[in-house]
Number of protein chains: 2
Amino acid sequence: MSVELHAKAGKTRLRLWLKLLKTSNAVETALRDRLRTEFGTTLPRFDVMAALARSPEGLKMTELSRRLRVSNGNVTGIVDRLEAEGHAERHAVAGDRRAMEVRLTGRGRAHFGTLATAHEEWVNELMGAIPEAEAARIMDGLDHVARDLEEKQ
Amino acid sequence: MSVELHAKAGKTRLRLWLKLLKTSNAVETALRDRLRTEFGTTLPRFDVMAALARSPEGLKMTELSRRLRVSNGNVTGIVDRLEAEGHAERHAVAGDRRAMEVRLTGRGRAHFGTLATAHEEWVNELMGAIPEAEAARIMDGLDHVARDLEEKQ
DNA sequence: CCGATTCATTTCAAGTATAAAATATATGTG
DNA sequence: CACATATATTTTATACTTGAAATGAATCGG
């Protein structure tokens, strides 16, 4: 009997995972789609800009890749493109010739402002089906998982 | 005052979205990592195999791409690789020369059995921080969002 | 049966992602 | 100082992903 209970618990978690994945994919796809059709940009670029917007003094490449939890090489490419668009720029770091400080340009900051406003509205709309009280409870549950995973890692 | 309440609700949903994204990325990364290091395979290949395992009679390419919610061209590439590994095969469809039926090979079925067992254990472990009762509640909340999004789309 | 449309799939171009190797620089230890 | 090691970034190879174009086959209305 304990075996059956255990098996059942496992299935519930598997189902929860599949639903979690499905939901976040659906929201992510919708956001990606709107960024593309309405602003001609992408989610990775938005994410990098968001990180840079929060650090006006600039971020080193490694710090950027750590915060976004993506590989170093990946950040190189995305920053390359933001730079080509004139939305970000690399600066040498005084005292460390290995490092690069990345910052939003004025144009990048302005553009990100527009994007961020739209993005927040979209999220609001897409997640609108969740009542406020429930949102708080779900966050609690996810917090447990996220914290647990961080410790593991 | 209603404006402030509205703004606050928005922020809560944005925070919920960011947490949802972070959690599912963390779980996904962990799964991807283990599939790679322990079995030398990838999540997309696992997903395709899982869909095929549920339909032993085979699936057409379009049906596969619809179920996994990825583009047609994407499925082409993944099935190409599964075929090269000897885990799946394409068959002509009697009566429709446009279509292809994809099936797991015997070897693919056996391999997937191993993968699926490990996968379920991993999910169980990774999501273990969520108590059973909470899992059910979170699923409820996510259900609302997912259903809502399907209608929209 | 013929032309238009739809459908199933592949191909293509571009972007995103990773792990691993390479490069260049910095730092610490004896 | 010299050498080992660590750090910051880029490069490379490979895979995944998308949207759009191309190809080939089916179907439908006249």
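- Rounding to whole angstrom units, CG of residue A:Leu35 and C1' of D:dT18 are separated by 14 Å.
- The separation between A:Asn72 atom CG and D:dT11 atom P is 13 Å, rounded to whole Å.
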Carefully, step by step, assess A:Glu57 and A:Glu101 under the rule side-chain contact (heavy atoms from CB on, under 4.5 Å).
CA-CA 9 Å; A:Glu57 73 286 2; A:Glu101 202 96 59; 5.8 Å; no
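- Comment: B:Asp80 engages B:Arg90 in a salt bridge, judged by a side-chain N to carboxylate O separation of less than 4.0 angstrom.
- Here B:Gly77 lies out of heavy-atom contact (under 4.0 Å) with every strand.
- In this entry the distance linking CZ of B:Phe46 with C1' of D:dC16 reads 17 Å, nearest Å.
- Contact annotation: A:Thr76 does not reach the phosphate of D:dT11 (side-chain N/O to OP1 or OP2, under 4.0 Å).
- Checking the phosphate oxygens (OP1, OP2) of C:dT18, no side-chain nitrogen or oxygen of B:Arg32 falls inside 4.0 Å.
- Near DNA chain D, meaning a heavy atom under 4.0 Å away, the residues from residues 78-91 of chain B are B:Ile78, B:Arg81.
- Taking 3.5 Å as the limit, the base of D:dT7 and the side chain of A:Arg98 contain a donor-acceptor pair of atoms between them.
- Between B:Val123 and B:Glu120 there is no side-chain heavy-atom pair separated by less than 4.5 Å.
- B:Asp33 comes within 4.0 angstrom of the backbone, heavy atoms only, and of no base.
- Between the CG atom of B:Asn74 and the C1' atom of C:dG15 there is a distance of 13 Å, given to the nearest Å.
- By the 4.5 Å heavy-atom criterion applied to side chains, A:Met139 and B:Thr12 are counted as neighbours.
- Relative ring orientation between A:His111 and A:Phe39 is described as perpendicular, the plane-to-plane angle rising above 60° on a 0-90° scale split at 30° and 60°.
- Atom-to-atom, CG of B:Leu43 to C1' of D:dT17 comes out at 14 Å; the value is rounded to the nearest Å.
- Salt-bridge check for B:Arg34 with B:Glu121: failed, with every basic side-chain N at 4.0 Å or more from each acidic carboxylate O.
- The residue B:Arg36 sits close only to the backbone: its heavy atoms come under 4.0 Å of sugar-phosphate atoms, none of a base.
- Atom-to-atom, CZ of A:Arg34 to P of D:dT18 comes out at 18 Å; the value is rounded to the nearest Å.
- Residues from residues 50-71 of chain B lying near DNA chain C, meaning a heavy-atom separation below 4.0 Å, are B:Lys60, B:Met61, B:Thr62 in numerical order.
- Salt-bridge check for B:Glu63 with B:Arg67: passed, with a basic side-chain N closer than 4.0 Å to an acidic carboxylate O.
- As a whole-Å value, the separation of A:Arg97 CZ from C:dT23 C1' is 14 Å.
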